[in-house]
S.K.: 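Before we start, here is the structure in question, set down as structure tokens.
Keep in mind that what you see is a predicted model, and the values were worked out from it rather than measured.
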Amino acid sequence: MYKYAPKSKCKMNEVKETSTIQLNKQTVFKLCPVTYVMEKIGSYWKPIIIFHLMSGSKRYGALKKAMPHITEKMLAQHLRQLETDGLISRVALPVIPPHVTYSLTDAGQALRPVLYAMANWAIEDGQKREEPLFKTMEQFPA
């Protein structure tokens with residue numbers, strides 16, 4: 001039994017649900033909630049996308065402009081995954097050219113304290129190491 005990633009056209013996105021890795025993931029999810037969270041937001045770009053959507057809805061082009069080093073493919077892939085996981089919503093208006101906006105769902109908004117905690121830890125750790133490389137919390141989206 002195979003499960004396909006949404007809108008997938010290639011077999012590289014196939015996930016064999018009965019594979020050892022998938023069975024192990026399901027066991028770990030039940031035992032460790034942190035693993036569940038990391039499965040949802042634990043890539044390089046997902047927290048950054050969520051961070052940019054914390055200040056409000058954004059169009060695809062605005063997200064791409066805010067993250068100039070992400071490739072089109074990675075942005076589209078991560079937006080699709082976040083939408084599948086119920087963390088963001090995608091609204092497409094039937095106009096030409098396409099008008100698509102992304103925003104956080106209630107589940108995505110619930111991650112705000114998690115991202116704040118991560119940012120606080122990074123700022124404090126940077127100060128302890130005398131490497132203040134990070135913005136202050138005053139610059140974090142409200």
S.K.: Heavy atoms, side chains only, cut-off 4.5 Å: are Y116 and M54 in contact?
M.R.: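 In contact.
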
S.K.: Find the distance between CD1 (I88) and NE2 (H78) and round it off to the nearest 0.5 Å.
M.R.: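 So the gap between those two atoms works out to 11.5 Å.
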
S.K.: Do any N or O atoms from the side chain of K40 and from the backbone of D85 form a donor-acceptor pair under 3.5 angstrom?
M.R.: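 Checked: no pair found.
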
S.K.: Shared ILVMFWY cluster between L23 and L31, side chains joined below 4.5 angstrom?
M.R.: no

S.K.: Using modelled atom types and a 3.5 Å cut-off, is there a donor and acceptor pairing between side-chain atoms of K64 and backbone atoms of I70?
M.R.: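 Side chain of K64 to backbone of I70, a donor-acceptor pair under 3.5 Å: yes, one is there.
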
S.K.: For A107 versus G86, what's the shortest heavy-atom pair and its separation?
M.R.: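 It is CB-O, 3.6 Å.
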
S.K.: M67 and M118: same hydrophobic cluster, using ILVMFWY side-chain contacts below 4.5 Å?
M.R.: yes

S.K.: For residues Y60 and R90, determine if any side-chain heavy atom of one lies less than 4.5 Å from a side-chain heavy atom of the other.
M.R.: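 No; the side chains remain at least 4.5 Å from each other.
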
S.K.: About how many Å separate CD of Q81 and CE of M74, when rounded to the nearest 0.5 Å?
M.R.: 7.5 Å

S.K.: To the nearest 0.5 Å, tell me how far Y102 OH sits from S89 OG.
M.R.: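 Rounded to the nearest 0.5 Å, the OH-OG separation comes to 10.0 Å.
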
S.K.: Mind running side chain to side chain contact (heavy atoms under 4.5 Å, CB included) on T101 and L93 for me, showing each step along the way?
M.R.: CA-CA 9 Å; T101 57; L93 300 177; over 6 Å; no

S.K.: Shared ILVMFWY cluster between F51 and M38, side chains joined below 4.5 angstrom?
M.R.: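 Not linked; separate clusters.
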
S.K.: Pairing donors with acceptors under 3.5 angstrom, does anything connect the side chains of R80 and Q77?
M.R.: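 There is no such pair between these side chains.
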
S.K.: Which heavy-atom pair separates Q109 from P113 by the least distance, and what is that distance?
M.R.: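 Closest approach of Q109 to P113, heavy atoms only: O-CD, 4.2 Å.
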
S.K.: Just verifying a value: how many Å separate W45 CH2 and L82 CG, rounded to the nearest 0.5 Å?
M.R.: 13.5 Å

S.K.: Which residue, L111, L53, D106, L104, forms the side-chain contact (heavy atoms from CB on, under 4.5 Å) with L87?
M.R.: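 Testing L87 for a side-chain contact (heavy atoms from CB on, under 4.5 Å) against L111, L53, D106, L104 leaves exactly one candidate, L111.
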
S.K.: What's the separation between atom CG in L79 and atom CD1 in I49, rounded to the nearest 0.5 Å?
M.R.: 4.5 Å

S.K.: Check for me, please, whether Y44 and L75 land in the same ILVMFWY cluster - side-chain distances under 4.5 Å, paths through other members count.
M.R.: yes

